[in-house]
Structure formats: C-alpha cells, structure tokens
Peer 1: 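My questions all concern the structure below.
Since the structure is predicted, the reported quantities are computational estimates derived from the model, not experimental observations.
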Amino acid sequence: MDVKKIKRSEDYSGWYNNLVKNADLAEHSDVKGCMIIKPYGYAIWEKMQAELDRRFKETGHQNAYFPLFIPKSFFSKEASHVDGFAKECAVVTHYRLKNDPETGQIVVDPDAKLEEELIVRPTSETIIWSTYRNWIQSYRDLPILINQWANVVRWEMRTRLFLRTTEFLWQEGHTAHATAEEAIAETKQMLEIYADFAEKIMAVPVIKGVKSANERFAGALDTFCIEGLMQDGKALQMGTSHFLGQNFAKAFDVKYVTRENKSEYVWATSWGVSTRLMGALIMSHSDDEGLVLPPNLAPIQVVIIPIFRKEGERELVMEKADAYFAALKKLGISVKVDDRDNMTPGFKYAEYELKGVPVRIAIGPRDVQNGTIEVARRDTKEKMVLQAADLEHKIPHLLEQIQQNIYQKALDYRTEHIHAVNTWDEFIDALDNKTGFVSSHWDGSSETEEKIKELSKATIRCIPLNNPQEDGKCVLTGNPSKERVLFARAY
RNA sequence: CGGGGUGUAGCGUAGCCUGGUAUCGCGCCACAUUUGGGAUGUGGAGGUCGUAGGUUCGAAUCCUGCCACCCCGACCA
C-alpha cells in the first residue's frame with residue numbers, strides 16, 4: 001500500500017483528507033460537494049445511529065419520515081428561518097426530461113415546469129409543522145415526540161469530507177409541547193443525550209452551552225449546543241438542540257385546546273446531529289499512523305492475525321485463532337480473523353492501524369507452543385504478551401481501558417487548551433499561539449461579537465451551562481460583563 | 001465568488017518550458033520462494049494524459065473555454 005503520507009503536525013487538513021480516503025471512510029463523488037460514504041465509514045455511522053436511536057427511544061421518541069421536498073411557500077412563513085436558509089437551498093423547478101430532437105441530448109422539458117417550486121430540505125421544521133397542524137387539536141395530543149433519520153441538502157460554497165458536505169445524513173428531532181417549561185426541558189434533555197453520547201461512546205469530551213444570538217438557529221429562541229475541540233485547536237459544533245418557542249406554531253397556525261377549553265399555540269423543539277460527528281471522531285483521536293477508533297464505535301474491535309511459515313504450522317495456528325475468535329465473539333466482541341496468506345503480518349499490522357482497530361492479537365507457532373498471545377493496543381501502540389487462558393477476561397477489560405484512555409487523552413488536551421484571558425492582547429495571543437478555547441468576558445452585544453469575529457476570526461462557541469458568574473470587563477470594549485464566554489476559531 | 005495551486009493506470013508520480021503517441025514505484029493477475037513490523041524473483045494485464053474546442057502533418061506538451069479537487073479568503077444551525 002503506497003499511500004501518500006501527510007504528517008498531522010505539518011498539514012492538518014491535508015492529513016485529515018488523506019486519512020478519510022486512506023482509511024476507506026469516504027471519498028469525493030462525481031457530484032460537486034457530495035461524498036460517497038464507503039462501507040467502513042458507513043459501518044461507524046451505523047454504530048452511532050444505533051446508539052443514538054436507542055437513547056431517543058428510551059426517552060419516548062418515535063421515528064417517522066417526512067418528504068424530501070418542501071413547497072417553496074412553506075419557507076416564507078417563518079421570517080428568520082427563511083433568512084437563515086435561503087442562500088443555500090437547492091430548488092426543483094421541473095419534473096421531466098426529454099430528448100431534444102435537434103441535438104439528440106437529454107434536456108429539461110420546458111413544458112414540465114412546476115407550478116410551485118420545491119425546495120430540497122435543508123432541515124424539516126416547515127414541512128413537519130405544517131403536518132403537526134393536522135395532528136394536534138387537544139392537550140391530549142401532546143407531546144408529540146418524533147425523530148427522523150434523513151438526508152438534507154445545504155448548498156455550501158466550500159465543502160470538506162464529513163465536516164461540511166452539500167448533502168449529509170443526520171437525524172432531526174421535532175417535538176411539540178403544551179408548555180414552554182416542558183419544551184425547554186426537552187431541549188435540555190436532548191442536549192444531555194448528545195453530550196453523554198459524545199463522551200461515553202465517541203470518547204470526545206464536549207462543552208455544553210447556549211449559543212449567542214448571532215449563532216442561534218434560524219427560528220429558535222435558544223440554541224443549545226455541544227462543542228468539541230479538535231487536535232488542531234479548532235472548535236467543532238457537534239450537535240444542537242433548539243428551543244423554538246411558539247415561532248413555528250404561529251407560522252403554521254398550530255393550536256391546541258387546553259383542559260380549560262382555551263386555545264393556545266404549541267411549544268416546539270428541534271435537535272440534530274449529523275455525519276459531521278464522523279469528522280469529530282476522526283479529528284479527536286487519530287494520529288500519523290491513521291485512525292484511532294473508540295472500541296464503542298469500532299466496526300472491528302479486535303483483529304486476530306495468525307502467523308505461520310509452514311503448512312503444518314498453519315493448521316495449528318488457525319485452530320487457535322478460530323478458538324479465540326469464537327471465545328471473543330461469544331462475549332459480544334466484534335472480532336475478525338485475518339487469514340489472508342498473500343500478505344505479511346507487518347503489512348496487516350499497518351493496515352489495521354490505519355483503520356483504527358483498537359486491539360490486535362497476533363498468534364504464531366511460538367505462541368501456540370507457549371500458550372500465549374501477543375496483544376497490541378492501537379491507542380498507545382503498546383504490545384504485551386498475555387497468557388491465552390486470560391483472553392476472555394483481559395480483552396474486554398482492555399477494550400474498556402482503551403475507551404477510557406482515549407477519552408482522557410482528549411479531555412487532557414482540551415483542558416490544556418482552555419485559556420482564560422483578560423485583555424485583547426492576551427486574547428489574540430491565545431488564539432494565535434496557544435490555540436483552543438479562549439474564555440473571556442464579553443459585553444453581551446451582537447456588535448461586539450461581530451467586531452471580535454472580524455478582528456480575530458473567532459466566534460463565540462457557547463456560553464457554558466452553569467457558567468460561574470463573575471464581574472469583569474469585555475475583552476474588546478471594556479464594558480462591564482457578568483460572565484466569561486468561550487471563543488474559538490471553528491470549523 | 002476572489003487569490004494561489006493541482007489534475008497523467010486503482011494509488012502516488014516523471015515527462016510539459018524546448019510538440020513526434022507516456023516514465024517509475026506501489027497495487028492487480030499467474031507461478032515459485034516467503035510470512036513474529038509495510039516480502040522477493042520471473043512473467044503479464046491495465047492509459048479517451050480532467051473535459052470540450054482550437055493551432056499543427058502531428059498535442060500530455062502550445063492556445064481558449066469549461067469541470068473537479070486542495071490551500072487562503074468571503075460564506076456557513
């Protein structure tokens with residue numbers, strides 16, 4: 001495998017792109033800005049989906065599916081929503097092609113123009129709230145707790161595999177509630193689920209917070225988010241949960257009758273995470289050897305590599321390999337025996353390191369004789385010789401350790417990269433030289449936030465939840481401030 | 001969309017300035033020897049040189065348009 005090697009420390013985005021391709025996660029398609037998620041990458045996404053889906057269902061949500069197309073007029077019903085998305089919508093104007101008799105080419109049939117254009121969904125609030133109108137009459141119909149797994153399209157100017165693609169996969173939850181309190185509780189509950197998933201499953205520490213007005217979702221009263229910190233010191237928004245107030249209920253005239261027989265608008269939330277999480281996963285743990293996957297998401301958790309020279313050895317070794325395979329599989333571990341005989345063990349080691357398989361077990365004739373196995377962990381590259389008899393209790397434990405270790409490593413990195421600053425010089429110095437989050441006072445105005453963005457390219461990632469209150473002065477204007485917020489340069 | 005760069009076999013590339021039908025490595029196929037950290041030998045297959053035009057006896061090479069990707073901006077829940 002003669003792949004181009006790009007060092008993480010020298011060219012982070014080159015390294016990232018290279019890794020996505022070399023580890024067989026995804027590739028560019030023939031369509032501008034759109035990617036093909038390859039089987040190995042999709043397997044990781046499926047594991048993410050399964051974990052999230054289980055958590056959604058445990059908290060009472062059901063899956064449903066709404067159309068890909070949204071009538072154009074729906075978008076204009078909620079003013080800030082259309083402002084937020086208008087510039088990046090794909091529009092369907094015709095429904096038929098025909099053969100041009102003059103050129104012999106396939107052309108759009110001008111006679112097949114749609115009365116009303118259809119928008120390819122960039123998000124589904126409008127079509128869903130238009131539907132909820134018919135579903136909700138009484139307080140007895142509430143809450144409605146629905147999630148959909150879908151693809152959406154946002155016509156971004158510049159794309160990057162997984163992080164920002166024109167079409168991407170995601171889930172979007174859309175809930176309807178009788179009271180604001182209940183909707184807010186839902187918004188926060190989903191934020192907690194995202195944070196828990198990111199930390200426990202992805203092993204990516206996140207900061208929970210609320211967005212400033214500038215960064216808020218188009219149509220929301222409050223946007224909560226989880227923010228991760230990537231290895232190059234840039235922040236990545238990994239998930240959002242919005243309290244939509246009654247904006248969409250009013251726009252789509254969704255009312256319910258209370259127990260007291262009064263008519264009220266419904267309260268709404270929406271929340272989502274996307275295939276961008278794949279980007280977060282890659283950029284949180286991986287190194288120059290390739291991907292590093294947390295055991296909880298690795299499609300292959302343990303790979304067994306048999307080593308043999310002669311035919312007689314092959315049988316002996318394979319017999320053990322198969323036995324270990326069966327033993328681990330019985331424990332619910334995802335395990336694979338790589339018995340390809342046209343490549344050397346060294347080649348396979350490198351390949352599974354590239355693919356981020358957490359644990360590698362090698363068995364050769366020597367091991368068979370000694371009753372041992374050679375175990376290598378991907379995260380530390382540490383190798384050890386274990387008694388084969390210990391396999392069944394040591395390997396599950398090792399997988400847990402690896403999961404813990406890569407989380408801790410990412411957490412340590414983040415802790416080292418949150419810099420509290422009090423002056424503008426310190427602010428710029430932290431961004432340029434230390435990288436990561438900058439915790440500083442801000443006077444709370446959108447104008448100041450804009451100005452800071454202009455001067456430093458940093459945006460407010462969030463105002464952390466349970467943020468300690470302290471008096472201070474805005475790092476730019478010197479105006480009084482009650483709390484610090486987190487700034488960073490972000491993806 | 002602006003500035004810069006790139007596009008040659010599955011991958012990575014040489015050739016381009018100075019036009020004459022494409023180089024090398026990896027991978028692939030066959031056989032043999034191999035296999036405890038990216039094996040070796042021998043033989044073989046694989047190319048509309050991103051794309052569409054133009055100049056020319058002749059274009060990967062020169063000219064023009066277009067497309068895609070990368071980097072920096074602008075843009076971006």
Peer 1: Report the residue (A/Phe168 or A/Arg360) whose heavy-atom-nearest nucleotide on RNA chain B is the more 5′ of the two.
Peer 2: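 Per heavy-atom nearest nucleotide, the more 5' residue is A/Arg360.
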Peer 1: Taking CD from A/Glu88 and P from B/C1, how many angstroms apart are they, rounded to a whole number?
Peer 2: 17 Å
Peer 1: With respect to A/Glu353, which candidate in A/Arg378, A/Arg360, A/Arg377, A/Lys348 satisfies the salt bridge (charged side-chain N to carboxylate O under 4.0 Å, His left out) definition?
Peer 2: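 Of all the options given, the one that passes is A/Arg360.
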Peer 1: Classify the side chain of A/Glu374 versus the base of B/G37 as yes if they form a donor-acceptor pair under 3.5 Å and no if they do not.
Peer 2: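 Result: no qualifying N/O pair found.
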Peer 1: Name all pairs fulfilling the ring pair (Phe, Tyr, Trp, His ring centres under 6.0 Å) condition that reach into residues 204-230 of chain A, sequence neighbours left out, sorted by first residue then second.
Peer 2: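 Counting only pairs at least two positions apart or across chains, the ring pair (Phe, Tyr, Trp, His ring centres under 6.0 Å) contacts touching residues 204-230 of chain A are A/His81-A/Phe217, A/Phe85-A/Phe217, A/Phe217-A/His242.
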Peer 1: Salt bridge between A/Arg489 and A/Asp432, side-chain N to carboxylate O under 4.0 Å?
Peer 2: yes
Peer 1: Testing the 3.5 Å rule here: is there a donor-acceptor pair between the side chains of A/Glu186 and A/Gln189?
Peer 2: yes
Peer 1: Touch check for A/Glu215, heavy atoms < 4.0 angstrom, all strands: base, sugar-phosphate only, or nothing?
Peer 2: sugar-phosphate
Peer 1: When the distance from CG of A/Asn22 to C1' of B/G12 is rounded to whole Å, what number comes out?
Peer 2: 10 Å
Peer 1: Given 3.5 Å as the limit, does a donor-acceptor pair link the side chain of A/Thr223 with the main chain of A/Lys211, or not?
Peer 2: no
Peer 1: Taking the same atom, C1', in B/U18 and in B/U61, what whole-Å distance lies between them?
Peer 2: 10 Å
Peer 1: Please check if any side-chain donor atom of A/Glu167 sits under 3.5 Å from a side-chain acceptor atom of A/Thr165, or the reverse.
Peer 2: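 Result is no, nothing qualifies.
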Peer 1: So that I can tick it off, tell me whether A/Glu192 and A/Lys208 are bridged by a salt bridge, with the cut-off set at under 4.0 angstrom between side-chain N and carboxylate O.
Peer 2: yes
Peer 1: Relative to the ring of A/Phe487, is the ring of A/Phe427 parallel (under 30°), tilted (30 to 60°) or perpendicular (over 60°)?
Peer 2: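 If you compare the ring of A/Phe427 with that of A/Phe487, the planes turn out perpendicular.
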Peer 1: Rounding to an integer number of angstrom, what distance separates B/G47 and B/U33 when you compare their C1' atoms?
Peer 2: 33 Å
Peer 1: For the P atoms, the ones on B/G4 and on B/C76, what distance do you get once it is rounded to whole angstrom?
Peer 2: 25 Å
Peer 1: Given atom CD of A/Glu353 and atom C1' of B/G37, what is their separation to the nearest angstrom?
Peer 2: 8 Å
Peer 1: Using a cut-off of under 3.5 Å, enumerate the N/O to N/O pairs linking the protein to nucleotides 69-73 of chain B.
Peer 2:
residue, atom, partner, partner atom, Å
B/C69, OP1, A/Gly33, N, 3.1
B/C69, O3', A/His28, NE2, 3.4
B/C70, OP1, A/His28, NE2, 3.4
B/C71, OP1, A/Ser13, OG, 3.0
B/C72, OP2, A/Arg158, NH2, 3.0
B/G73, OP1, A/Lys457, NZ, 3.3

Peer 1: In the structure I gave you, are the side-chain heavy atoms of A/Thr448 and A/Ile452 within less than 4.5 Å of one another anywhere?
Peer 2: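 Yes, side chains in contact.
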Peer 1: Less than 4.0 angstrom between a side-chain N/O of A/Thr344 and OP1 or OP2 of B/U35, yes or no?
Peer 2: no
Peer 1: What's the CG-P distance between A/Asn342 and B/C31, to the nearest Å?
Peer 2: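 A/Asn342 atom CG is separated from B/C31 atom P by 12 Å.
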Peer 1: Within this structure, what is the CG-to-P distance between A/Leu19 and B/G12, rounded to whole angstrom?
Peer 2: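 Interatomic distance, CG of A/Leu19 to P of B/G12: 15 Å.
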Peer 1: On the nucleotide B/C75, are OP1 or OP2 found under 4.0 Å from the side-chain N or O atoms that A/Lys87 carries?
Peer 2: no
Peer 1: Can you tell me whether the side chain of A/Lys381 and the base of B/G37 have a donor-acceptor pair closer than 3.5 Å?
Peer 2: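 In this structure, the two groups form no donor-acceptor pair.
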Peer 1: Which value, in whole Å, describes the distance between the C1' atoms of nucleotides B/A68 and B/U56?
Peer 2: 29 Å
Peer 1: A/Ala350 or A/Arg216: which one's nearest nucleotide on RNA chain B is closer to the 5' end?
Peer 2: A/Ala350
Peer 1: Under 4.0 angstrom, heavy atoms only, what part of the nucleic acid is A/Gly364 near: base, sugar-phosphate, or nothing?
Peer 2: base
Peer 1: Say you pick atom C1' in B/G3 and the same atom in B/G50; how far apart are they, in whole Å?
Peer 2: 22 Å
Peer 1: Between B/G10 and B/U51, how many Å separate the two P atoms, rounded to a whole number?
Peer 2: 12 Å
Peer 1: Scan side-chain atoms only and decide if A/Thr123 and A/Arg121 contain a donor-acceptor pair under the 3.5 Å cut-off.
Peer 2: no
Peer 1: Say we look at B/A39 and B/U34: how far apart would their C1' atoms be, to the nearest angstrom?
Peer 2: 7 Å
Peer 1: Can you tell me how far P of B/G36 sits from CG of A/Asn370, to the nearest Å?
Peer 2: 18 Å
Peer 1: Roughly how many Å is it from CZ in A/Arg309 to C1' in B/A39, rounded to a whole number?
Peer 2: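 In whole Å, B/A39 C1' and A/Arg309 CZ are 13 Å from each other.
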Peer 1: P atom, B/C67 versus B/A52: distance in rounded Å?
Peer 2: 15 Å
Peer 1: Tell me if a side-chain donor or acceptor on A/Asn467 pairs with a main-chain N or O of A/Arg484 at a distance below 3.5 Å.
Peer 2: yes
Peer 1: In dot-bracket, 5' to 3', how would RNA chain B read with Watson-Crick or G-U wobble pairs under 3.5 Å, [ ] for crossing ones and | for pairs to another strand?
Peer 2: (((((((..(((.......[...))).((((((.....)))))).....(((((..]....))))))))))))....
Peer 1: Send over the distance from A/Ile36 CD1 to B/A68 P, rounded to a whole Å.
Peer 2: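 Whole-Å distance recorded here is 15 Å.
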Peer 1: By the 4.0 Å heavy-atom rule, please label A/Pro365 as base, sugar-phosphate, or nothing.
Peer 2: base
Peer 1: Could you check whether A/Glu27 gets within reach of a base, just the sugar-phosphate, or nothing at all, counting any heavy atom under 4.0 Å?
Peer 2: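 Nothing, no nucleic acid heavy atom in range.
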